[in-house]
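Taking it in order: structure first as structure tokens, then the write-up.
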Amino acid sequence: MANKASVVHWFRLDLRIHDNLALRNAINEAENRQYYLRPVFIIDPDIKERVGVNRLRFLFQSLQDLDSNLRKLNSRLFILKGTADELFSKLFDQWQVKYLTSQIDIDPEIVKQDEIVDRLAEEKGIFIVRRVQHTVYDFHSVLKKNNGSVPLTYQKFLSLVKDIKVKETIEITKTLSDYCKPPDSTCEEYNVPSLNDLGIDESSLKSCKYHGGETEGLKRLNLYMEKKNWVCKFEKPNTSPNSIEPSTTVLSPYLSHGCLSSKLFYHRLKGVENGVAHSQPPVSLLGQLMWREFYYTAGAGTENFDKMVGNAVCTQIPWGKNDKYLKAWSEGMTGYPFVDAIMRQLKQEGWIHHLARHMVACFLTRGDLWISWEEGARVFEDYLLDYDWSLNAGNWMWLSASAFFYKYFRVYSPVAFGKKTDKEGLFIRKYVPELKKYPTEYIYEPWKAPKSVQRTAGCVVGEGYPQRIVDHDKIHKENMQKMAAAYKVNKEKKSLKRKLT
DNA sequence: CGGTCAGTTGAACAT
DNA sequence: CATGTTCAACTGACC
């Protein structure tokens with residue numbers, strides 16, 4: 001057993017070696033004091049309930065890559081199974097931990113856990129270091145600059161960060177000294193488990209389209225940063241939600257897992273834009289990164305950001321409950337081919353284009369099904385590879401016109417919207433294969449096809465493919481009246497509150 | 001307090 | 001095909 005003190009770096013969503021300040025702090029401490037270095041990742045027993053299978057696969061691939069990158073530095077990853085408080089209450093003594101580093105997270109569950117670990121560490125006299133490294137900017141200083149209140153528009157956020165100089169990235173170049181290697185470094189019980197070890201049959205999953213890990217993340221970053229002209233001309237609204245291959249970078253899963261540093265992405269983008277004409281936020285690629293920062297800041301500064309009730313920025317809307325509709329939506333069985341194609345792509349591949357998210361989120365909430373954005377957010381949490389606590393809640397509030405966006409009467413048409421970028425319906429034919437032989441005329445509206453055409457195409461609506469669960473033209477108008485009523489109530493409440501204060 | 005203005009990306013239709 | 005207008009149901013920041 002260890003007879004020497006240890007430094008622990010606790011990896012969470014910072015699954016990388018590059019630009020990882022907390023990790024470098026840990027390494028320096030271990031080197032300077034000749035302590036053991038133990039980079040750990042904790043796998044919670046109920047991880048399967050919290051993380052969907054595709055994201056689990058991405059996570060485990062990222063852990064595997066992280067382990068192999070740590071080994072190149074003469075270290076390794078120690079996988080621990082259990083809850084953080086139970087594990088640490090034992091290991092702090094057993095490993096003689098003196099110094100614990102990690103990144104700062106804002107997800108309330110992680111914050112709660114950190115408070116428990118803080119108390120535990122205080123009892124044992126362990127020094128804790130937590131670093132901002134999930135975002136470009138430190139949300140704390142941005143909020144302070146805005147007198148402690150949350151910036152509620154993107155432009156306001158941009159004006160707040162305009163003059164903040166972004167720090168340089170941090171690299172670890174030296175390999176670790178042998179004396180930092182704990183004696184149990186070769187122990188196999190700390191190895192990264194497979195999905196099968198967790199009781200998931202990996203062969204039951206769809207083929208892996210986006211492979212997790214720092215190595216893949218950096219490769220993908222380099223691939224896109226080489227296309228300088230493409231980067232400089234990038235305008236988000238002009239990219240396609242329904243191209244067969246993604247029309248955007250798909251760096252988001254790498255950012256959300258911390259396989260890729262957002263700060264590195266920032267500096268690389270600045271480098272490409274430097275001295276050349278380029279598009280601007282909000283539509284530019286750098287603008288996309290700033291959206292992430294905006295939501296992160298809003299999430300960090302708002303109580304109950306992931307809920308409607310008790311959330312100061314969220315308009316209270318009397319959403320209905322309809323489990324049948326919710327299930328049809330989440331399984332891609334609404335009877336609207338464009339909506340279903342998007343939801344099936346999401347479920348199978350774990351990533352959909354941002355505008356595709358707009359389409360299905362609007363459909364679930366204010367547009368058609370009148371179901372709470374919180375339900376949609378839960379399904380996205382399950383399906384998305386790039387799930388991120390504040391971005392998910394923020395975007396769902398945006399799309400349901402609960403916060404940040406208020407022109408609720410601008411509703412996406414499940415028939416017209418997709419046609420702008422895919423007249424032939426190739427995207428639908430791929431992800432809703434039962435309709436692949438439909439004539440282009442009917443591919444977005446198969447129920448309009450004459451029975452004989454449906455039979456010739458090999459799929460009768462109501463048999464091989466569901467009938468529409470709602471009539472968009474009719475129901476979206478009813479929903480607009482409900483939205484108007486909810487806004488009116490909200491306004492009255494606000495003016496009442498103003499009078500009282 | 002009130003007026004003004006801008007706000008990542010709607011649809012349908014006209015020119 | 002790109003651009004502009006209408007539909008009519010908005011809010012937050014700022015002065």
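Here is how names work: the chains are called A, B, and so on, in the same order as the sequence lines, proteins then strands, and each is numbered from 1.
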Between N or O atoms, less than 3.5 Å apart, protein on one side and nucleotides 5-8 of chain C on the other: list the pairs.
none

If a pair satisfies salt bridge (charged side-chain N to carboxylate O under 4.0 Å, His left out) and one of its residues is in residues 147-158 of chain A, list it, with sequence neighbours excluded.
none

For A:F404, report the nucleic acid contact type (base, sugar-phosphate, nothing); a contact means any heavy atom under 4.0 Å.
nothing

All pairs passing ring-ring contact (aromatic ring centres under 6.0 Å, His included) where residues 243-267 of chain A contributes a residue, at least two apart:
A:F58-A:Y254, A:F58-A:H257

Can you list, in residue-number order, the parts of residues 282-298 of chain A that come under 4.0 Å of DNA chain B, counting heavy atoms only?
A:P282, A:V283, A:Q288, A:W291

Do A:Y412 and A:F417 have their ring centres less than 6.0 Å from each other?
yes

May I ask you to verify if any side-chain N or O of A:K491 is less than 4.0 angstrom from the OP1 or OP2 atom of C:dT11?
yes

Distance between the P atoms of B:dG3 and C:dA8, in whole angstroms?
24 Å

Counterpart residues, salt bridge (charged side-chain N to carboxylate O under 4.0 Å, His left out), relative to A:K448 (two or more places apart):
A:E445

Under 3.5 Å, is there a donor-acceptor pair linking the side chains of A:Q288 and A:K236?
yes

Can you give me the dot-bracket string for DNA chain C, 5' to 3', counting Watson-Crick and G-U wobble pairs with both distances under 3.5 Å, using [ ] for crossing pairs and | for partners on another strand?
.||||||..||||||

Quick one: on DNA chain C, does A:V313 or A:A484 contact a more 5' nucleotide (nearest heavy atom)?
A:A484

Spacing between A:D368 atom CG and B:dG10 atom P, to the nearest angstrom:
16 Å

Is the distance between the ring centroids of A:Y295 and A:W389 under 6.0 Å?
no

Pairs involving residues 213-226 of chain A, ordered by first then second residue, that meet salt bridge (charged side-chain N to carboxylate O under 4.0 Å, His left out) (sequence neighbours left out):
A:E216-A:K219

Residue pairs passing the salt bridge (charged side-chain N to carboxylate O under 4.0 Å, His left out) test with at least one member in residues 237-255 of chain A, sequence neighbours excluded, are A:K209-A:E245

Charged N-O contact under 4.0 Å between A:R130 and A:D114
yes

Where the side chain of A:Y408 is concerned, which of B:dA11, B:dT8, C:dC10 is the nearest nucleotide?
C:dC10

Just checking A:K420: base, sugar-phosphate only, or nothing, at a heavy-atom cut-off of under 4.0 Å?
sugar-phosphate

Under 4.0 Å between any heavy atoms, over every strand shown, what does A:Q155 touch: base, sugar-phosphate, or nothing? Just pick one.
sugar-phosphate

Once you round it to whole Å, what is the distance between C1' of B:dG7 and OH of A:Y154?
12 Å

Nearest-Å distance once atom C1' is located in both C:dA9 and B:dG2
22 Å

Would you list the protein and nucleotides 13-15 of chain C atom pairs, both N or O, that sit under 3.5 Å from each other?
| residue | atom | partner | partner atom | Å |
| --- | --- | --- | --- | --- |
| C:dC14 | OP1 | A:K156 | NZ | 2.8 |
| C:dC14 | OP2 | A:K156 | NZ | 3.4 |

Selection from B:dT8, B:dT9, C:dC10 that lies nearest to any side-chain heavy atom of A:F405:
B:dT9

Please report, rounded to the nearest Å, how far the C1' atom of B:dA11 is from the NZ atom of A:K477.
11 Å

Given the ring of A:W10, does A:R12 sit roughly above its face, with NZ or CZ under 6.0 Å from the centre of the six-membered ring and within 45° of the axis?
yes

Does A:E434 have any side chain to side chain donor-acceptor pair (under 3.5 Å) partners at least two apart in sequence or in another chain, and if so, which?
A:R344

Please list, chain by chain and in numerical order, all residues satisfying side chain to side chain donor-acceptor pair (under 3.5 Å) with A:S261, sequence neighbours excluded.
A:D19

Taken to the nearest whole Å, NE2/A:H353 to C1'/B:dT8 is 12 Å

Whether A:F427 and A:Y431 hold their rings parallel, tilted or perpendicular, with breakpoints at 30° and 60°:
tilted

Spacing between A:L158 atom CG and C:dG12 atom P, to the nearest angstrom
19 Å

Answer yes if the ring centres of A:Y137 and A:Y296 are under 6.0 angstrom apart, and no otherwise.
no

When the distance from OH of A:Y406 to C1' of C:dC10 is rounded to whole Å, what number comes out?
9 Å

Whole-Å distance, A:K419 NZ to B:dG10 C1', equals 15 Å

Roughly how many Å apart are C:dC7 and B:dG7, using the P atom of each and rounding to a whole number?
24 Å

Distance in angstrom units between A:R366 CZ and C:dC10 C1', rounded
12 Å

Going by salt bridge (charged side-chain N to carboxylate O under 4.0 Å, His left out), name the residues that satisfy it together with A:D323, two or more places apart in sequence or in a different chain.
A:K321

Toward the 5' end of DNA chain C, which comes first, A:K423 or A:N490, by nearest nucleotide?
A:K423

